[in-house]
Amino acid sequence: MYYTKLLIPTLREEPGEAEIISHKLMLRAGMIRKLAAGIYNYLPLGYRVLRKIETIVREEMNRAGAQEIFMPMVLPAELWRETGRWDQYGKELLRLKDRHDREFCLGPTHEEVVTDLIRKEVKSYRQLPLNLYQIQSKFRDEIRPRFGLMRGREFIMKDAYSFDIDEACAEESYRKMFEAYNSIFRRCGLIFKPVEADSGLIGGSFSHEFMVLADTGEEAVVSCDACGYAANMEKAEGKSQKSEVRSQKSEYDLLPLERKTTPGKKSVEDVAAFLGVAKEQLVKTLLMRGGDKVVAVLVRGDHELNETKFARILNVTEVELLAPAEVEKATGAPSGFSGPVGLKDILVIADSAVKGMANFVVGGNEKDMHLINVSMERDFTPDQFADVRNVQEGDGCPRCETGKLIIVRGIEVGHTFKLGTKYSVSMDATYLDEAGRPQHMVMGCYGIGVSRIIAAAIEQNHDKDGIIWPAAIAPFKVIILPLNMTSGNVKTTAESIYKGLSEKGVEVLLDDRDERAGVKFKDADLLGIPVQIVVGDKGLNRGIVEIKTRATREVKEVAVEQLILSWEI
RNA sequence: CGGGGUGUAGCGCAGACUGGUAGCGCACCUGCUUUGGGAGCAGGGUGUCGGAGGUUCAAGUCCUCUCACCCCGACCA
């Protein structure tokens with residue numbers, strides 16, 4: 001392809017709308033342009049990368065036995081009402097009406113549609129298992145789209161759905177997808193990690209997220225430094241190092257409970273500093289609403305509540321912190337002074353790291369008042385202990401004896417769920433077994449953020465000058481840089497190299513613009529094509545061209561006549 | 001949805017407080033020179049100053065409403 005024939009509007013300056021590096025570089029490299037918040041045009045270069053990724057995804061999905069289909073983007077409301085998600089999904093579901101006033105939504109995911117298809121077409125156990133996938137635009141009306149393709153409202157997703165006769169077969173289908181996903185991300189040239197995840201709103205029994213490791217990732221990835229354990233923050237469990245070992249009551253003399261005035265000291269930092277104790281000697285009391293109940297949660301001062309775990313304990317889909325006025329009503333004191341001692345008619349759940357603590361500090365349920373030397377059981381007894389906190393770096397691994405947990409950032413590019421019968425039951429998708437009895441199909445669903453992979457790949461592969469594409473997803477493999485288009489020798493040599501490589505099946509971009517060398521170098525670095533072939537008079541006088549690797553900037557001089565002959569794809 | 005901010009040329013921005021012919025850099029077009037890391041000189045403005053009302057002799061600037069976008073938070077594959 002000739003550069004002047006392609007629309008590649010590179011920018012010298014960083015557009016103000018972009019915050020993170022992948023978004024900036026995609027705009028600067030002329031890959032995408034924004035149409036509306038979270039909605040983007042793909043220009044030729046961006047689309048080529050997208051297609052590369054799609055091809056890898058298709059090949060691996062097909063290899064794993066999945067079949068490609070294509071479902072509509074506009075979905076009728078009735079299907080969503082059948083599973084209850086028309087009401088559950090909230091504002092993220094973009095709803096619209098047709099001319100007859102019938103209700104529809106733009107598809108954010110396709111469990112309902114595919115289940116409807118299968119329940120109509122599949123009747124017998126002989127037709128199973130089935131795994132159907134599509135690569136398609138999804139629309140989720142995100143509260144706050146940001147970071148370009150990383151969190152768009154319209155985005156391109158590969159979604160697959162498996163249907164099996166029973167749990168064991170469903171797990172086999174899941175395992176195949178898990179392996180296909182590993183192959184896909186490996187082939188895309190990404191450094192990634194599959195982690196255990198909470199299954200969230202889509203529901204189901206277990207689930208993995210595939211995380212591309214990058215400092216700018218939006219999610220925290222927890223993993224063990226000794227064994228293979230890895231989970232996302234919502235799901236990760238850990239053994240607390242300090243409280244469970246050091247703060248055993250038996251090792252301490254219980255001191256008498258005391259009241260201390262702590263004027264205006266509300267935060268853990270302030271109270272700890274004021275009283276001259278460590279943050280981990282405090283216990284926070286958070287008043288939360290889950291469903292229609294108000295619950296007090298106790299978490300050690302240096303720990304954070306994990307709302308996902310907490311919601312699961314309460315068996316509700318979401319929990320929220322009470323507003324200050326509600327806290328005052330529930331405890332009799334302004335927020336910041338809540339404590340478990342003397343709380344009435346409120347369920348108290350304590351994080352397991354609080355178990356066995358002694359001589360600690362809690363709020364006094366009175367303005368400007370805290371209690372010190374509080375001890376479990378003597379002064380109060382929680383209704384329940386449970387793991388409701390975020391793990392911290394250095395916590396013990398829950399799976400092995402010696403491992404310590406480490407935390408890195410990741411970008412979620414894939415998610416696999418074992419759904420079980422959640423949708424087949426609510427939508428009555430059944431098959432007849434060998435005995436002729438109707439049984440619910442057991443399902444799985446598997447998503448890959450195809451467009452997000454582009455952003456993730458750039459987050460992981462760039463330098464100060466631009467993108468450095470992994471070869472498998474690069475828009476071109478080679479860019480030829482004739483440094484002076486007015487030199488006949490340079491021009492014809494560049495063109496013959498272009499022709500030679502093209503005939504060998506190499507995807508080549510020839511920068512035939514009449515630009516100065518500096519401009520071509522800068523743009524080539526920005527675009528991130530893995531190999532640059534530099535053709536200049538200087539080199540040609542010695543009969544050579546330079547082959548430069550974008551990633552390392554290593555330059556190899558090669559005789560012109562040798563170049564095509566010795567080229568290895 | 002709450003808080004903050006920004007809309008002026010393709011991109012980055014100034015001009016607004018204090019109303020008086022819409023500007024700067026880059027990009028773009030023409031010509032000449034130049035040509036190995038974002039060239040120089042000369043010429044060219046490509047703009048409903050986000051939109052609608054209003055105040056005024058006069059509005060990019062003041063007032064009201066509105067739309068879009070960005071950031072923080074809550075939320076989320």
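Order of the sequence lines fixes the chain letters, A, B, ..., with proteins taken first and strands second; residue numbering starts at 1 for each chain.
Atom CG of A:Asn232 and atom P of B:C76 are 13 Å apart (whole Å). Between A:Glu142 atom CD and B:C76 atom P there is a gap of 10 Å when expressed in whole angstrom units. Atom CG of A:Asp514 is separated from atom P of B:C32 by 13 Å (rounded to the nearest Å).
Taking all atoms of both residues into account, the shortest heavy-atom contact from A:Glu60 to A:Ser183 is OE1-CB, 3.4 Å.
Remark: the A:Asp523 side chain and the B:G38 base include a donor-acceptor N/O pair separated by less than 3.5 Å. You'll find a donor-acceptor pair under 3.5 Å spanning the side chain of A:Glu546 and the base of B:G36, going by distance alone. You won't find any donor-acceptor pair under 3.5 Å spanning the side chain of A:Glu515 and the base of B:G38, going by distance alone. Between the base of B:G37 and the side chain of A:Asp525 there is a donor-acceptor pair shorter than 3.5 Å.
Using modelled atom types and a 3.5 Å distance limit, the side chains of A:Thr109 and A:Glu111 yield a donor-acceptor pair.
If you check every strand for non-hydrogen atoms under 4.0 Å, A:Gly449 touches nothing. A:Glu320 comes within contact range of no nucleotide atom at all, as no heavy-atom separation falls under 4.0 Å. Among the atoms of the strands shown, none is found under 4.0 Å from any heavy atom of A:Gln532. Across all strands shown, A:Glu13 has heavy atoms under 4.0 Å from base atoms, whether or not it also approaches the sugar-phosphate.
Between A:Tyr446 and A:Tyr174, the ring planes are tilted. Angles from 30° to 60° get that label.
In the set B:G37, B:U35, B:A39, the nucleotide with an atom closest to the side chain of A:Thr486 is B:U35.
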Please list each protein N or O that sits under 3.5 Å from an N or O in nucleotides 66-73 of chain B, with the distance.
residue, atom, partner, partner atom, Å
B:C69, OP1, A:Ala37, N, 2.9
B:C69, O3', A:Lys34, NZ, 2.9
B:C71, OP2, A:Arg144, NH1, 3.4
B:C72, OP2, A:Arg144, NH1, 2.9
B:C72, OP2, A:Arg144, NH2, 2.4

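Outside the 6.0 Å centre-distance limit, the rings of A:Phe210 and A:His208 are not counted as a close aromatic pair.
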